[in-house]
Amino acid sequence: LLVITDGNEDALDIARINVETLVGQSVPKSAEEPALSGWITATMKWSPADIASMHATTRKEAHSFHVVTGSELMYYMTDLCALAATLEATLRRDDGIFLSAHVFRKDGQLLEWITLLKNELGFATCAVVLDSFIASDELDAHPGWWNVRMMVSGPPSQLEMLAKERGSDW
């Protein structure tokens, strides 16, 4: 089951249209419509009520998702603790992985986030090296891109296993 979440209903409508166009399946808008397609959308604002509602909508227990992805979550006023609590409530404890890509807009926010993941969830985090996929002249022309991070976070044992499977390109 793939659950697409956002705090903005308009963004969820766009996500539904994208999935329906790319995959050729309709995406249910609510729990009343069976998620036979394997896709469903849910409003998520990182609150306990939204987390409980998403679990009820998807008929999934807490701590049952193998992978959570997130992008563009790091704004100046992002509640990092609420985001971490959402991950803690949704990801499987032993092998859940958080794949994310963000522009860190606030000084120190990246370190604060990685430290919070480590201290609160016991997660390790690996980041993709930017100049491994963006040409150096492009980075020179767009210095703000140095604030972009694509990361994999999860239990250290899970990241170690992934690193072994990937070999030298990890």
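Hydrogens, waters and symmetry mates play no part in the numbers below; they use all other heavy atoms, side chains included. By convention here, the first residue in the shown sequence is residue 1.
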- Query: Nearest heavy-atom pair of A84 and L121: which atoms, and what distance?
  - Reply: O-CD1, 3.8 Å

- Query: How far does CD of E160 sit from SG of C126, to the nearest 0.5 angstrom?
  - Reply: 9.5 Å

- Item | Joint cluster assignment, V148 & V128, ILVMFWY side-chain distance < 4.5 Å | yes

- Kindly give the heavy-atom pair with the smallest separation between L73 and T78, and that separation in Å. O-OG1, 2.8 Å

- Between L117 and S153, the two heavy atoms sitting closest are CD1-OG, 3.5 Å

- Quick one: pull up OG1 in T90 and CZ in R92 and give me the separation to the nearest 0.5 Å. 12.5 Å

- Message: Just verifying a value: how many Å separate W145 CH2 and L130 CG, rounded to the nearest 0.5 Å?
- Response: 10.0 Å

- Could you pull out the closest heavy-atom pair between P156 and G122, with the gap in Å? CD-O, 3.2 Å

- Message: If hydrophobic clusters are built from ILVMFWY residues whose side chains come within less than 4.5 Å, do I114 and V68 share one?
- Response: yes

- Who pairs with L99 by side chain to side chain contact (heavy atoms under 4.5 Å, CB included), at least two apart in sequence or on another chain? V67, T69, I97, V152

- Note on the structure: In this structure, OG of S136 is separated from CG of D131 (nearest 0.5 Å) by 7.5 Å

- Task: State whether the side chain of R105 and the backbone N or O of M74 hold a donor-acceptor pair below 3.5 Å, judged by distance alone.
- Result: yes

- Query: Do V103 and W146 share a hydrophobic cluster (ILVMFWY, side-chain heavy atoms under 4.5 Å, transitive)?
  - Reply: yes

- How far does CD of Q109 sit from CG of L80, to the nearest 0.5 angstrom? 5.5 Å

- Should E112 and T115 be marked as a side chain to side chain contact (heavy atoms under 4.5 Å, CB included) after you check the CA-CA gap, both sets of side-chain angles, and the distance that decides it? CA-CA 5 Å; E112 182 182 356; T115 302; 5.9 Å; no

- Message: Just checking D140: does its CG atom have more than 12 heavy atoms from other residues, nucleotides or ligands closer to it than 6.0 angstrom?
- Response: yes

- Can you check side chain to side chain contact (heavy atoms under 4.5 Å, CB included) on R93 and E88, steps first, answer last? CA-CA 8 Å; R93 290 190 170 148; E88 195 282 325; 3.1 Å; yes

- Message: Could you go through F123 and K118, starting from their C-alpha distance and side-chain angles, then the distance that decides it, and tell me whether this counts as side chain to side chain contact (heavy atoms under 4.5 Å, CB included)?
- Response: CA-CA 5 Å; F123 280 9; K118 180 181 177 186; 6.0 Å; no

- Query: If you round to the nearest 0.5 Å, how far is CG of L83 from CG of L87?
  - Reply: 5.0 Å

- Query: Do other residues, nucleotides or ligands put more than 12 heavy atoms under 6.0 Å from D137 CG?
  - Reply: yes

- Path from I134 to M150 over hydrophobic side-chain contacts below 4.5 Å: yes

- Take the angle between the ring planes of H102 and F98 and call it parallel below 30°, perpendicular above 60°, tilted in between. tilted

- Identify the two heavy atoms, one from D95 and one from P155, that lie closest to each other, and give their separation to 0.1 Å. N-CG, 4.2 Å

- Item | Atom of M151, atom of A127 and distance for their closest heavy-atom approach | CG-CB, 4.1 Å

